[in-house]
A.B. asks: 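Please see the structure below; I have some questions.
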Amino acid sequence: SRKWTSGSEAHGWYNRPITDAMLASAAYVLKDDIEELRSSIDGLPDEALNWKPAGEDTNSVAVLVTHVLHSTRSLISTAVGAPLPDRDRDSEFRVAAERTSDLLGLLYDFGAQILALVNDTGDIDWATNRKTHMRPSPDLPDYVPASFALLHAIEHLGQHVAHVSLTRQLWETRNAK
């Protein structure tokens, strides 16, 4: 029988069967979203990375990518019961990137870490409550079910991939009338 794999030969990420159906499905979606994020960044001129499409109250590509990579790694770590990585959420929104190649390097490094987390894990009890990083609102819980962390990671990544893609489109058409 055919097993899902989460690898990407083009990037040298893991490519082996995953027996947990939730993890296999997550690996597939994560790999696809990471590739779409790479595609949205690749070829952008350096000056586009810190551009804010609607002024200071919006986020640049550099901020969106940095934030979503840190967030996804943290949430996937929570989901699979891995140690929480160091994270300073507030600093993710102050970041500026100098070169597209640097942002792609960050994506490659974090993408590999994220996919390794879902590849290197056995079966998971998805109902288990796990400690998560401090949340953006004090009303949110410190412990969440593993299933919530996984689903939220995928949802959040997908939203920000779309934001980066749209920001690129706005950059490319900013002077067109």
A.B. asks: Please confirm whether the backbone N or O of H163 pairs with a side-chain atom of T167, one donor and one acceptor, at under 3.5 Å?
C.D. replies: yes
A.B. asks: Does some side-chain heavy atom of V68 sit less than 4.5 Å from a side-chain heavy atom of H156?
C.D. replies: yes
A.B. asks: E56: which residues meet the salt bridge (Lys or Arg N to Asp or Glu O under 4.0 Å) condition with it, sequence neighbours left out?
C.D. replies: K52
A.B. asks: Could you tell me which residues satisfy salt bridge (Lys or Arg N to Asp or Glu O under 4.0 Å) with D42, sequence neighbours excluded, listed by chain and number?
C.D. replies: R38
A.B. asks: Can you name the residues that form a side chain to side chain contact (heavy atoms under 4.5 Å, CB included) with D86, not counting sequence neighbours?
C.D. replies: none
A.B. asks: In Å and rounded to the nearest 0.5 Å, what is the CG to CD1 distance from L157 to I114?
C.D. replies: 7.0 Å
A.B. asks: Quick check against the 3.5 Å criterion: does S60 have a side-chain atom that pairs as donor or acceptor with the backbone of W51?
C.D. replies: no
A.B. asks: Are V29 and V65 linked, directly or through other ILVMFWY residues, by side chains that come within less than 4.5 angstrom of each other?
C.D. replies: yes
A.B. asks: State yes or no: do L107 and V95 share one hydrophobic cluster built from I, L, V, M, F, W and Y residues joined by side-chain heavy-atom distances below 4.5 Å, directly or via other members?
C.D. replies: no
A.B. asks: List for me each residue that meets side-chain hydrogen bond (donor to acceptor under 3.5 Å, both in side chains) alongside S77, sequence neighbours excluded, and say none if there are none.
C.D. replies: none
A.B. asks: Could you measure the distance from the CD1 atom of I76 to the OG1 atom of T78? Nearest 0.5 Å is fine.
C.D. replies: 9.0 Å
A.B. asks: If you measure from CG on L104 to CG on L44, what distance do you get to the nearest 0.5 Å?
C.D. replies: 9.0 Å
A.B. asks: Please report the closest heavy-atom contact between L150 and A26, naming both atoms and the distance.
C.D. replies: CD1-CB, 3.6 Å
A.B. asks: Taking all non-hydrogen atoms of both residues, which atom of L117 and which atom of R73 are closest, and how far apart?
C.D. replies: CD1-O, 3.9 Å
A.B. asks: Using modelled atom types and a 3.5 Å cut-off, is there a donor and acceptor pairing between side-chain atoms of T72 and backbone atoms of L69?
C.D. replies: no
A.B. asks: Distance-only check: which donor-acceptor pairs under 3.5 Å involve side-chain atoms of residues 140-147, not counting sequence neighbours?
C.D. replies:
from: S147; atom 1: OG; to: W126; atom 2: O; distance (Å): 3.3

A.B. asks: Any donor-acceptor pair under 3.5 Å linking the side chain of N50 with the backbone of A62?
C.D. replies: no
A.B. asks: Do side-chain atoms of R174 reach the backbone of W171 as a donor and acceptor pair under 3.5 angstrom?
C.D. replies: yes
A.B. asks: Tell me if a side-chain donor or acceptor on T58 pairs with a main-chain N or O of A54 at a distance below 3.5 Å.
C.D. replies: yes
A.B. asks: Tell me, do Q169 and L166 make a side-chain contact under 4.5 Å, heavy atoms counted?
C.D. replies: yes
A.B. asks: Test: salt bridge (charged side-chain N to carboxylate O under 4.0 Å, His left out). Region: residues 161-171. Which pairs qualify, not counting sequence neighbours?
C.D. replies: R168-E172
A.B. asks: Please identify each residue that fulfils side-chain hydrogen bond (donor to acceptor under 3.5 Å, both in side chains) with Q159, with sequence neighbours left out.
C.D. replies: none
A.B. asks: Examine L37 and L115 and state if one hydrophobic cluster contains both, with Ile, Leu, Val, Met, Phe, Trp and Tyr joined whenever side-chain heavy atoms are less than 4.5 Å apart.
C.D. replies: yes
A.B. asks: Among all residues two or more places apart in sequence or in another chain, which pass the side-chain hydrogen bond (donor to acceptor under 3.5 Å, both in side chains) test with E155?
C.D. replies: H152
A.B. asks: Hydrophobic clustering (ILVMFWY, side-chain heavy atoms < 4.5 Å, transitive) - are I34 and V61 grouped together?
C.D. replies: yes
A.B. asks: Examine L170 and V164 and state if one hydrophobic cluster contains both, with Ile, Leu, Val, Met, Phe, Trp and Tyr joined whenever side-chain heavy atoms are less than 4.5 Å apart.
C.D. replies: yes
A.B. asks: So, using ring-ring contact (aromatic ring centres under 6.0 Å, His included) as the criterion, who are the partners of F93 when residues are at least two apart?
C.D. replies: H67
A.B. asks: Can you tell me how far apart CD1 (I41) and CD (E36) are? Round to the nearest 0.5 Å.
C.D. replies: 11.0 Å
A.B. asks: For the atom pair CG (L30) and CG (L23), what is the distance rounded to the nearest 0.5 Å?
C.D. replies: 9.5 Å
A.B. asks: Using the salt bridge (Lys or Arg N to Asp or Glu O under 4.0 Å) criterion, which residues pair with K131? Sequence neighbours excluded.
C.D. replies: none
A.B. asks: Which residues pass the side-chain hydrogen bond (donor to acceptor under 3.5 Å, both in side chains) test with R99, sequence neighbours left out?
C.D. replies: D102
A.B. asks: Is it the case that the side chain of T128 and the backbone of I124 share a donor-acceptor pair, with hydrogens and angles ignored and the cut-off at 3.5 Å?
C.D. replies: no
A.B. asks: How far does CZ of F110 sit from OG1 of T66, to the nearest 0.5 angstrom?
C.D. replies: 8.5 Å
A.B. asks: Just to verify, what does R87 make a salt bridge (Lys or Arg N to Asp or Glu O under 4.0 Å) with, not counting sequence neighbours?
C.D. replies: E92
